[in-house]
Amino acid sequence: QVQLVESGGGLVQAGGSLRLSCAASGRTFNPYTMGWFRQAPGKEREFVATMNGGGIRSYADFVKGRFTISRDNAKNMVYLQMNSLKPEDTAVYYCSGAERGRSWNYADYWGQGTQVTVSS
């Protein structure tokens, strides 16, 4: 049993920054891989970033150095620092978790989502 809860979304102007947080609960140890997906209105959910238990980060191409994923395993937390935000980043952002052996862009567990809106 794993539950994920996101926070930190909101409204920001283009070029601004936000930091998303995700808290994991429901079992003693974290999923091996944790990260973030997003879904814009009328579009499919897409991969954003993940970080595995060995500290390896994976990013979608559209990040281009703007986003940074990090983890605090002692606190069962994962974060997404988003800089230089663009209107096309507007979406609901979902925290994700995956068991060992899954692909870097796979999720076994999902949070409820937090809205990020970037204005022009």
Side-chain angles (χ1 to χ4, degrees):
Q1 299 288 336
V2 174
Q3 292 81 45
L4 304 173
V5 179
E6 306 95 332
S7 62
L11 175 64
V12 64
Q13 292 187 346
S17 298
L18 286 173
R19 189 176 79 150
L20 306 183
S21 300
C22 174
S25 63
R27 69 184 192 187
T28 302
F29 54 92
N30 296 323
Y32 185 74
T33 299
M34 297 186 68
W36 299 90
F37 290 67
R38 71 185 189 185
Q39 188 168 22
K43 302 188 69 175
E44 296 182 359
R45 190 171 299 187
E46 64 181 351
F47 165 80
V48 175
T50 54
M51 187 173 181
N52 72 13
I56 303 300
R57 296 173 169 90
S58 298
Y59 294 104
D61 288 342
F62 60 75
V63 172
K64 295 185 177 180
R66 299 182 297 125
F67 295 1
T68 302
I69 188 171
S70 60
R71 294 176 66 165
D72 186 339
N73 291 325
K75 296 182 178 180
N76 299 320
M77 299 287 292
V78 61
Y79 307 94
L80 185 68
Q81 179 66 47
M82 304 186 294
N83 299 324
S84 301
L85 283 162
K86 306 174 181 179
E88 52 263 44
D89 294 319
T90 295
V92 176
Y93 284 71
Y94 295 90
C95 184
S96 67
E99 303 296 339
R100 186 186 296 268
R102 301 295 199 186
S103 173
W104 48 268
N105 63 348
Y106 189 85
D108 293 300
Y109 313 104
W110 298 100
Q112 84 288 347
T114 186
Q115 176 70 47
V116 171
T117 302
V118 184
S119 63
S120 301

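Note that these values count all heavy atoms, side chains included, but never hydrogens, waters or copies made by symmetry.
A 4.5 Å side-chain heavy-atom check between S58 and N105 finds every atom pair outside the cut-off. Put simply, the side chain of P31 does not reach to within 4.5 Å of the side chain of D108, judged on heavy atoms. Within the 4.5 Å cutoff, the side chain of E6 has no heavy atoms near those of the L20 side chain. Considering only heavy atoms from C-beta on, S21 comes within 4.5 Å of M77 through its side chain. The closest side-chain heavy-atom distance from M34 to Y109 is not below 4.5 Å. Using a 4.5 Å heavy-atom cutoff, the side chains of Q115 and T90 are in contact.
Under the ring-ring contact (aromatic ring centres under 6.0 Å, His included) test applied with F47, the options F62, F37, Y93, W36 reduce to a single match, F37.
The backbone N or O of I69 sits less than 3.5 Å from a side-chain atom of R57, completing a donor-acceptor pair. Between the side chain of Y106 and the main chain of E99, no donor-acceptor pair closer than 3.5 Å is present. No donor-acceptor distance shorter than 3.5 angstrom exists from the side chain of T33 to the backbone of A98, with no hydrogens or angles considered.
Around atom CD of E88, more than 12 heavy atoms belonging to other residues, nucleotides or ligands sit under 6.0 Å away.
A cation-pi arrangement, defined by a distance under 6.0 Å to the six-membered ring centre and an angle within 45 degrees of its axis, is absent between R102 and Y32.
Residues satisfying the salt bridge (Lys or Arg N to Asp or Glu O under 4.0 Å) criterion with R66, sequence neighbours excluded, are D89.
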